[in-house]
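Before any comments, here is the structure.
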Amino acid sequence: RKEVEQDPGPFNVPEGATVAFNCTYSNSASQSFFWYRQDCRKEPKLLMSVYSSGNEDGRFTAQLNRASQYISLLIRDSKLSDSATYLCVVNAFNAGNNRKLIWGLGTSLAVNP
Amino acid sequence: ETGVTQTPRHLVMGMTNKKSLKCEQHLGHNAMYWYKQSAKKPLELMFVYNFKEQTENNSVPSRFSPECPNSSHLFLHLHTLQPEDSALYLCASSQAQGTSSRGETQYFGPGTRLLVL
């Protein structure tokens, strides 16, 4: 099982649609969870951290399900500018017991007019 | 946004060249990271420096040599690279490694797009 797994998509949705992405992770000891957004040929940018109680930021809602080891991202009322790749990120521990982030491959979203 | 800067933005080099990538962060962070991003692959962590000490070397070939003279600057020295090393090289920083979720949040530079001929 991959450490962090995402459906690569692409997801093609019309403007105004609601779209949801899931991401599963393999390390039950993971403590930190993030969603990043990456536009074509640009660097990843933090979209939101994911807290255990779930959190919302405008049209974006993130949820964490520890029992099933997955996090989700819900985007409501999609805009053309939401078109990007959404990266799921989870922390883990390296051989020296230092924490590091593990990145998913990303889910590609295209919002169409 | 100029929190993390990288130079050069684009680099073409032959397999016998030596070049260096530079990263600088203006966020007051103590951890800096080098990542490699290739097409169809997730971000690959290469090196981590936490308070100027290297804490991660993710089995990176010795033709890549990092240097962290202080908490604000990070270099990646390149020599005798191979065509398969062509990729986007991203630098990131965070408050510190191994702390809270907030401390682990990473901020990226724009990257150096490297082509090895």
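Every chain is numbered from 1 and lettered A, B, ... according to where its sequence line falls, protein lines coming before strand lines. This is a predicted model, so every value here is computed, not measured. In what follows, every heavy atom counts, from backbone to side chain, and hydrogens, waters and symmetry copies are set aside.
Residue with the most contacts toward chain A among B:N58, B:L88, B:L43, B:V48: B:L43 (heavy-atom pairs, distance under 4.5 Å).
Looking at B:N50, neither its backbone nor its side chain comes within 4.5 Å of chain A, counting heavy atoms on both sides. Neither the backbone nor the side chain of B:Y33 comes within contact range of chain A; no heavy atom of the residue lies under 4.5 Å from a heavy atom of that chain. Residue contact with chain B, scored on non-hydrogen atoms closer than 4.5 Å, involves the side chain of A:Q38 exclusively.
Looking only at distances, no side-chain donor or acceptor of B:E104 sits under 3.5 Å from a matching main-chain atom of A:S32.
Of all heavy-atom pairs spanning A:G106 and A:L87, the tightest one is CA-CD2, 3.5 Å.
No option in B:Q106, B:Q37, B:K41, B:E44 other than B:Q106 meets the side chain to side chain contact (heavy atoms under 4.5 Å, CB included) test with A:W103.
No continuous path of ILVMFWY side-chain contacts below 4.5 Å connects B:F47 to B:L90, so the two sit in separate hydrophobic clusters.
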